Structure formats: C-alpha cells, structure tokens
Peer 1: 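Before anything else, here's the structure in question.
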Amino acid sequence: MATETEQARTDGDAPPYRYTGALAAEIEARWQGRWAAEGTFVVPRTTEPGPAGKFFLMDMFPYPSGEGLHVGHPLGYIATDIFGRYLRMTGWRVLHTLGYDAYGLPAEQYAIETGTDPRSTTEANIRRYRAQIARLGLAHDPTRSVATTDESFYRWTQWIFLQIYNAWYDERGQRARPITELAAAYEAGGVPTPDGRPWSELSERERADALDARRLAYRARVPVNWCPGLGTVLANEEVTADGRSERGNFPVLRRELTQWMMRITAYADRLLEDLEHLDWPESVKTMQRNWIGRSEGASIDFPLRGTGAALEVFTTRPDTLFGATYMVVAPEHPLVDTLVPDAWPAPAPQSWTGGHATPLEAVDEYRSRAAAMTERDRQAEARPKAGVWTGAYATNPASGEAVPVFVADYVLAGYGTGAIMAVPAHDQRDFDFARTLGLEIRPVVAATDGRDPYDTSGWTDAYVGDGEVINSAGEAVSIDGKRVGDAKRAMVEWMESAGVGRGTVSYKLRDWLFSRQRYWGEPFPIVFDDSGRAHPLPESMLPVRLPDIDDYRPGALDPDDAGSDPEPPLARATDWVEVTVDLGDGPRRYRRETDTMPQWAGSCWYELRYLDPGNDRELVAPQLEEFWMGPQREGDTGGVDLYVGGVEHAVLHLLYSRFWHKVLHDLGHLSSREPFRRLFNQGYIQAYAYTDRRGVHVPAGEVVERGGRYWYGDEPVTRSYGKMGKSLKNSVSPDEICNRYGADTLRLYEMYMGPLDVSRPWETKAVVGQLRFLQRVWRNLLDEATGSPTVVDEAPDPGTERLLHATIDAVRAEMEALRFNTAISRLIELNNHLTARRAPVARSVAEPFVLMLSPFAPHAAEELWARLGHDATLAYEPFPQADPGKLSSATVTYPVQVDGKVRATVEVPADASATDVEAAALAGVAGWTEGRAVAKVVVVPGRIVSVVLTKRA
RNA sequence: GGGCGCGUGGUGGAACGGUAGACACAGCGGGCUUAAACCCUGCGGCCUCUGGCGUGAGGGUUCGACUCCCUCCGCGCCCACCA
C-alpha cells in the first residue's frame, strides 16, 4: 500500500506517515478511484433486500449554479452518506444517488450573462458539481444519477404531463381517472355536462369542450405576475416587496393571461389527510395545512333586490347571519357591473359614496384605483379599510332585511366566492370597515368578556369569542339562546331546508399555474390546431425536444406596458413551431405550444427515476417501484424511506410532488400513495459577513481583525451574520478545505458542529480539531515512521474493553437517531482513552473502532482497515455490536443526594440489592444527616440515591 | 395579528426527570525542543470558597427540573385582510 511517492509528499520534517492534509488527499483519491473501479456502491436492478431490509435514501437534489459549491451545500449530503454507510453495514440494501435539477431561470440568466447557451453552461456546471461532490467521497450509485435536462429524463416529465392532461378527477370516487372514462360518465349521466344538457345533444366541439373543462391539466385565463421587461410571467417568489422583478428590477404587473393550470385543488382533502400518515417535521406539516387552508363553513345566497340574481357568500360563521348588516364584494367580482344602478337609490352619506354623483362613477373610480395597486400594496398591513357603496341592496335571507352591498378591496376575489356578508360585531375587519363608514354594528353573540353585550358604542374591537346567541329570532328561523357551535349547525340545517344556503368547505389552495414564457424548460407535448384547440401529442412522439435557437433571450418589451403580450423565445423557432403531424385524422399542420414548464416539473417526480434510470419503455418498472417505495404495512403510504433537505421547500416542491405522485398512483402507475414517507430538514451553515460603510458586502475571506475591529484593506467594515452564500460574499469552498485538511476532516467537522437540524456558524479555524482527531487515531494504530500497524493481538485491559462496548452501544443509538455530533464525541472519547494509555492498542479494539469511524471518515478508515491486513472494502463489513456482558463493571458508583444536593458518592457491587445500596449511601452521607431523621430514601437503580430528611423544626 | 421553534461558559454544543457544562475551538500553564510549531499533559461557570449561587425572568409540580406545567421577556422562522 505504501509507496515511495507518499513519503515525498509529506510536510516538512514531519514523519513520513503522519496523517496530514496532503496524505489525506492522496488516500482519498486512491479510495475514490477504487470504489469507482470496483463499483462498490452500484446497486443492482433487482428486488432483493439485505438481511435487514431495503432503504431508499435521498437528498433534495441541487440546482447546479455557476458559482459552484460552498461548504454549506454538502451538509445534508454528508449526513445522508454517513447514514447510508451505517445502514449498509447493518445489513440494509441502500439506494442512494444524486441527480441535478438543471432547468430554470437562474441557468438561463447565467447563460445570458456569460453569453453562452444554457445547455453548455448547465452541462459545465453539472460537471463542476459532480467533481466537487466526488471529492467528498459520497457512496452514491453513480449509474443512477440523472439530470432533469437529459432527454431520457424530460421525455418522462412530458409523459407525466400527458397522463395528467388525459385525466379528470372523479369526485364521487375521490380519485383521478383516465379522461376516456369521463365521456362514458357524461353519457351515463353520472357526471353533469357543463351546461346540464344531455351528452347526446352536444356537438363534437361541445363534447371536446366538456372534456377539456374537467382535465387535471387545463388552460385558463388567470391573473399572473407579468413582467414585460423580462418578457415572462414570474412566480410570486421572483417578485420583490415593492412589486418589481428580482432579476433586472423591472415593474411586475397584474395581468390576465391564458395559461396552463394544474388542478391541484381537486386533491386538497387528500393532501391534507395523508399528512397524518407521514413522518415529517410537525412544522412542515403545519405549513402545508396552512397553505391548503381548509375551512368549514357555509355558502349563503343573498337575493339582490331588483334583479333575479343572488350574491353568494362564504362564511365560517353562519351563526351570525342575523348580524350581517351589509355585504362586500371584491373589486374584481363579476357581478359588480350588473348590480350597479344608474343613480343612488337613497340619499347616502359621503363616506358611502366617496362624493361621487353616481354609483357607476364611484365604483369605477374605486376599481381603477384598486387595480393600479400591486398585490403587495393591497395587502400592506395597517392600511385603513376603504370602499364604496355600489348602490345595490341584497336581502338577508334570515331576517328579510335589506342590506347595502359595498365594493372594498379587503375582500379578495380569489378566496371563497369573492363576496362576504359583513358581521361587524364579530369580525375585526368588518368592524374596522363599519366604523370607518358609519355602518350598523349589531351584536348577535353575547360577549362574556365584560363589555356590554348589547350596546356596541363603547366597543373598541369585534367580539370573536363564544357565547349565547342573541338578537337572532326571525319569522323563518330562530337560534337565540344557542351557543356558537350549536347555532352554526342549526343555521346550516335551516338554510339547507329553506334552500338559501348550504354547508361547504373552502380552501386557500389555488390551482397551480404551470406555464412559463421561458426558453430553458421542458416543452409541452401539446400542439394547437387552426381554431386554437389544444391537442396532446401521442406518447410515440416523445420526447418533444427543446430546439436549439440562436437567441434564447425572452422578448424585451416596454417594461411599463401592462397590455403587451408575452413572446416566448420558442415562438421564434419557427421551423420547430410549425409542425405537420397525424393525430389520427391524417397529416395536418399544427402550431406547437411555445411556453415551457416551470422549474418544479422535474423535481416533482425525480425520485421515481432513480429507481430505473435507463428504462426507455416505462417511467419506472412497477416491481422496482413497489420494492423500493411500496407500502410496507396496512395504512402505510409508501414512499422514500428518508428524504433530507432544507426547510425552504416545505410547501411548493413538497406539495407539487405529492400531487403528481397521487395522480400517478390513481392512474395505476405507482403502488405508493406518497413520494416521501419520512422527511428531515437539515439546518444551514451560516457565516459572518462584512459590509463597508456604503452597506455593500465585501469578500469575507479578505477581512482581517485588528484591535477588535474588522478591516477590509484599510477600510473598517461592519460584521453581520447570515446564511452562507453568494449574496453575503461569505462562501467558503469545500475544495479549499479538502486541500488543506482532506475530505474526511471536512466531513467530520460539518457533522460535529451541532445537531443536524440546527443551523450553525462556520469557523474555518475550528476545522483543525477534527484533523487532530484523525491524526491521533492514525498514530494510535500505525507507526508514523513506517506506516505499519502497531496493534497487538492481545486481549484489551478490562477498562478499555468496557469503554469500547459502551461506545459501540452509544454510537449505534446516536446513528439511528441521526445524532452524528454526539456519535463523533463518543469516538473521540474512546480515542482519547487509547491515546492516554500510551500503549499498543489491541486489535480487538482497533478494528471495531475503525469500522465505527468509517461512515464519518471513510477514506482514512479504509486505509487503516487495509493496513490492518484486510483486502476488501469495509463498506459492507458488519457494524460492531456491543456485547452486553462486557458493558457492565463489577461495581457501580452512586451519587448520593441529601435534600436534593449531592453530598457524596459511594461505590457498591453491581449486584447489590436496593437495601444494600441504601445502607451504603446512608453511611456515606452520615456527616450530613447528623441529628436529623431520615424521612425517605429513593434509590434509582444504577443511577442515584436521594435521601430526604425530616423538616427542621 | 396568527402559527411553529429556540434561549446553557469567551465560542459551537452535551445532558432516558437523576452528579449541568461531555466533546471540540479559542485561552492560560507544565513537559518535550537550542527555539518555535507539532505532540503529550494540566486548568478553566460565578462568589464573600469545608460553603453558597448558577441553564433568559418569575412561579408551580417532584425526593430531585436545562428537561414537565403556568405567566412574562428576548430572538428566529413561516403565514398573513383567507371571511
């Protein structure tokens, strides 16, 4: 194993086999080469579990940016690698690999900035990431790594799109079904047609429309963040607080455009229910629950006076219907135009009319002002409630009273029905609005907090608590005297029987906007005919390749022109856009869809492709999916056994992928109901950052400390602290650490810094501690001058043996719980013990030690293992097992407390009875109990003795 | 405003309700060395020090509380006019 060149590479006059950064680098390169050559971590395409079972282990895959990795990125990868190596050594068949999420706006922007095409920059970035990650010695199956931009990958992304497009949601069966079954359901009358006419009376075109109306992927006109300056719509996360684009700082305008949508709302209840079965952090589950935002309530129809129409509202408080003294519709509500009369029907105060001569004028003026505001402006806190009367009245269905209808932007068009009944006495927002406009506040629930339940003149806020219903008796219905809960039920019951309302459920979750006017994404497998109708391409025509084009920039338009239309870059690929295909009725000319899919698309399903990356006939072979991800017991959802990544994906990625997974499950492609059975959020690596006096970040690596202050060159700078990354200019490259200390030291350091789920500050000068640890291990087992092992084939001393088994016991427990920081502490303690003995280490201690070290420092451990005389890799060696007989010693030391304070320790035989322990303890603290009676003695076996004295008089 | 977390030495952190501060970084001392580094080894919460006080503050439960319960303070994250 030792070579002449090794010696030439060691530092200065250090012994030739001292474990230094240089020696580590050499060892690491050698073992990485050997693992690759021998295919050590390649997982066969079979369905054979290990003795302990199978384990599908996964990281959230990286987006390969142009900056390369910093030491924060691989934190999770190192953790999963350690866990995977441990699992392998404890008999599990482990599937672990890493792919690349490579489509999306950052790659495209980077390409534009560097003047190269996205494909070549993306490929270069992936190569760089692969090289940087390879240096860390991760035991990934290299044959399963995929990139979302691979044709062999995105062809299946497109295939899944077609599956979703060709499906509808059967509410009765609560699952997706193929669209072909919808026609049958329409025909049989099981599902009503959009306008209620029988299926047989519909024309061909109407039938196609009826099918399109229920698809899970559909086109609709929706409000979007339109950024003419960038020529694309943007996701909400790409819009800054002041309504401009994150990239380029162009205005972002609200505009209605026809876009592809995904009907994720159909799955709202199932996405909610299955959270119960997932082993996920409670915080992430809560975020998803809030995002879905299910609330139970009622829909109520308020007839509009003077028209045949009714205004439908959603409320969670049907019990307060008698307290509804006015109504509010959102400015965008479709009924606004029809309900506005020509003139004010009655004299109205200035606060209602805004001083306008006619309702139309008032409403128009208010609406145009609301439209000019950005979404952020509208939602700004502490903005006084404002609005105008529409001039219309509706009828409260319970009391028969006339209630005025207002337009106000505190009601959102996108939630519920976009209209509310306002109960100012019991809703804070309505209360604020009523006080501003001078509207009646009528209590209908008796307040129990001391305020006057009947006279609201002294109220400073709405009463939202429970209480007895009052003022709620009418000719049709009376609920006076009931508590809020009962009153809700009674009201819904009455409304349903009277036909004026019904119990309903509302969600905050919206359908998912799935189009982007960008180049660098998956093309849709869709073409349009002359009439503009969308047609899916058949599976045989996949993949629809992303064409190479000369100018992949988005169309640059007047940044302030909200009326402009997007010009997707693909539209300029005219040869590609115009296509002649035969969709069953002979070859015809079509135009391709020129939008592309959002960045989430590939990450929605990549876990499935890891299972069967080379399969060109199926997304994944069913038996492989069932083996790796299938449910394992009654009620189990199935899914990846452990998914590790940052909490920033708590909602979007993790909700979208759950949605796709459920559709594919419903359509019979997957046995698992959920993609990720267990989720773990690792913390971030943070670091100090420095700003100059203009507040601009300076490179943290070049800042020096002098006299308690920080300097960048001659300029004093201010220290701050935050997540490591490009924006704070505080990145540290893993390459730099690998060069100085080696990858094993980096791995140990990152894991040792703290619990995996907690963010921790990077400190380069602290890394040396882990190098010293490895050096001591090395020196305890090898001769630094020759590299030969110094271990002896003798039995270890009893103390060392006991510590070894205690360490094994503890390390196993820490590993199972992903507590790698404390597992490493245990190994350090054992090694410190070996160091302090200053004697050769017994082989029976050295070998288990090396095996326990190997998940953390695999290269050094492999080298030690080989030098101890083993030929094969230790990756599949059984992990040491503690011998219970060697864990305990002959005696036990008990701390003895008197009145809660430790006063002595006593040593007793391990098999001493509680009585004996008590006697020894009392003898040990005799000096402390003098003159006082012992009231009670608590003996906790193996732990502690607690003596309680009688109270001093 | 709502929800979820978290507060322990100079620093990162450890502690099934059972001797608070393991382990490590930084610091200080001893040994080795011509010397320095490395290495080995020791010290280290605070105080009026045979004892007392200490895990953000205050209370409670318990033989015993960093840990469980209540109130408050501070910090972080997420959502936020969702009817």
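Chain letters run A, B, ... following the sequence lines, proteins first and then strands; every chain starts at 1. Worth knowing before you read on, the calculation uses all heavy atoms, side chains too, and leaves out hydrogens, waters and symmetry mates. Remember, predicted model here, so these are calculated numbers, not experimental data.
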Peer 1: Hey, does A/Asp430 reach any base, or is it just sugar-phosphate, or nothing, if we go heavy atoms under 4.0 Å?
Peer 2: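 Counting heavy atoms under 4.0 Å across all strands, no contact is made by A/Asp430.
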Peer 1: Would you kindly give the CE-to-P distance between A/Met751 and B/A24, to the nearest whole Å?
Peer 2: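 In whole Å, B/A24 P and A/Met751 CE are 19 Å from each other.
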Peer 1: Between A/Arg776 (CZ) and B/C38 (P), how many Å, whole number?
Peer 2: 11 Å
Peer 1: Measure the distance from CH2 on A/Trp762 to P on B/G13 and round it to the nearest whole Å.
Peer 2: 15 Å
Peer 1: Take the protein atom CD of A/Glu763 and the nucleotide atom C1' of B/G10, then report the distance between them rounded to whole Å.
Peer 2: 11 Å
Peer 1: If you compare every side-chain N and O of A/Gln775 against the phosphate oxygens of B/C38 (OP1, OP2), does one of them come in below 4.0 Å?
Peer 2: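 The answer is no; no side-chain N or O of A/Gln775 sits under 4.0 Å from OP1 or OP2.
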Peer 1: Tell which nucleotide pairs with B/C32, taking only Watson-Crick or G-U wobble pairs whose two distances are both under 3.5 angstrom.
Peer 2: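 Partner of B/C32: none.
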Peer 1: Are the charged groups of A/Arg367 and A/Asp409 less than 4.0 angstrom apart, N to O?
Peer 2: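 Salt bridge: no.
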Peer 1: What does B/C49 pair with, Watson-Crick or G-U, if both distances are under 3.5 Å?
Peer 2: none
Peer 1: Just name whichever nucleotide pairs with B/G54, Watson-Crick or G-U, keeping both distances under 3.5 Å, else none.
Peer 2: none
Peer 1: Is the A/Phe856 ring parallel, tilted or perpendicular to the A/Phe820 ring (thresholds 30°, 60°)?
Peer 2: perpendicular
Peer 1: Is it true that atom CH2 of A/Trp459 has more than 12 heavy atoms of other residues, nucleotides or ligands lying nearer than 6.0 Å?
Peer 2: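 Counting other residues, nucleotides and ligands, CH2 of A/Trp459 exceeds 12 neighbours.
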Peer 1: Is there a side-chain contact between A/Asn821 and the phosphate of B/A14, meaning an N or O under 4.0 Å from OP1 or OP2?
Peer 2: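 Yes, within the criterion.
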Peer 1: Will you find, in the side chains of A/Ser295 and A/Thr316, an N or O donor that is under 3.5 Å from an N or O acceptor?
Peer 2: no
Peer 1: Taking 4.0 Å as the cut-off, does a side-chain nitrogen or oxygen of A/Ser825 come that near to OP1 or OP2 on B/G13?
Peer 2: no
Peer 1: Just to be sure I understand the rule, does A/Thr835 reach a base, reach only the sugar-phosphate, or reach nothing, if contact means heavy atoms closer than 4.0 Å?
Peer 2: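 Since only primed, P, OP1 and OP2 atoms lie under 4.0 Å of A/Thr835, the category is sugar-phosphate.
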Peer 1: Can you see whether A/Asp783 engages A/Thr790 through a side-chain donor-acceptor pair at a distance of less than 3.5 angstrom?
Peer 2: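 Result is no, nothing qualifies.
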Peer 1: Counting only heavy atoms not in A/Arg826, do more than 12 fall under 6.0 Å of its CZ?
Peer 2: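 Atom CZ in A/Arg826 is not packed in, count stays at 12 or less.
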Peer 1: Between B/A22, B/A83, B/G12, which nucleotide has the shortest distance from any of its atoms to the side chain of A/Glu829?
Peer 2: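 When the side chain of A/Glu829 is considered, B/A22 is the closest of B/A22, B/A83, B/G12.
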Peer 1: Of the nucleotides B/U19, B/C25, B/A24, which has the atom closest to the A/Tyr752 side chain?
Peer 2: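 In terms of side-chain proximity for A/Tyr752, the closest of B/U19, B/C25, B/A24 is B/A24.
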Peer 1: Reading RNA chain B from 5' onward, which residue's closest nucleotide shows up sooner: A/Thr315 or A/Lys765?
Peer 2: A/Lys765
Peer 1: Let's test this: given Watson-Crick or G-U wobble pairing with both distances under 3.5 Å, identify the partner of B/G74.
Peer 2: B/C6
Peer 1: Only pairs with both distances under 3.5 Å count, Watson-Crick or wobble alike; so what is the partner of B/C23 in this structure?
Peer 2: B/G12
Peer 1: Heavy atoms only, 4.0 Å cut-off, all strands: where does A/Gln428 land among base, sugar-phosphate and nothing?
Peer 2: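 The residue A/Gln428 makes no contact with any strand.
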Peer 1: Does B/C63 have a Watson-Crick or wobble partner in any strand here, with both distances under 3.5 angstrom, and which is it?
Peer 2: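 Its partner is B/G18.
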Peer 1: Hey, what's the ring geometry for A/Phe433 with A/Tyr410, parallel, tilted or perpendicular (30° and 60° as the breaks)?
Peer 2: tilted
Peer 1: Distance check needed: B/C39 C1' versus A/Asn832 CG, whole Å only.
Peer 2: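 One finds 14 Å between C1' of B/C39 and CG of A/Asn832, rounded.
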Peer 1: Just to confirm, is there a sub-4.0 Å distance from OP1 or OP2 of B/A83 to any side-chain nitrogen or oxygen of A/Tyr415?
Peer 2: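 Yes, such a contact exists.
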Peer 1: Quick one: classify the glycosidic conformation of B/G9 as syn or anti, with syn meaning within 90° of 0.
Peer 2: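 You should classify B/G9 as syn.
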Peer 1: Starting at CD1 of A/Ile292 and ending at P of B/C79, how long is that distance when rounded to a whole Å?
Peer 2: 15 Å
Peer 1: When you match A/Arg838 and A/Met421 each to their closest nucleotide on RNA chain B, which lands nearer the 5' end?
Peer 2: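 Looking at the nearest nucleotide for each, A/Arg838 comes out on the 5' side.
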Peer 1: Given B/G18, B/A24, B/A26, which nucleotide is nearest the side-chain atoms of A/Arg772?
Peer 2: B/A26
Peer 1: Considering just the side-chain nitrogens and oxygens of A/Arg943, establish if one lies under 4.0 Å of OP1 or OP2 belonging to B/G64.
Peer 2: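 The answer is no; no side-chain N or O of A/Arg943 sits under 4.0 Å from OP1 or OP2.
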Peer 1: Look at A/Asn681 and B/G5 and indicate whether a side-chain polar atom (N or O) is within less than 4.0 Å of OP1 or OP2.
Peer 2: no
Peer 1: Starting at CG of A/Asp899 and ending at C1' of B/C63, how long is that distance when rounded to a whole Å?
Peer 2: 8 Å
Peer 1: Within the pair A/Lys901 and B/A20, is there a side-chain N or O less than 4.0 Å away from OP1 or OP2?
Peer 2: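 Answer is no, no contact under 4.0 Å.
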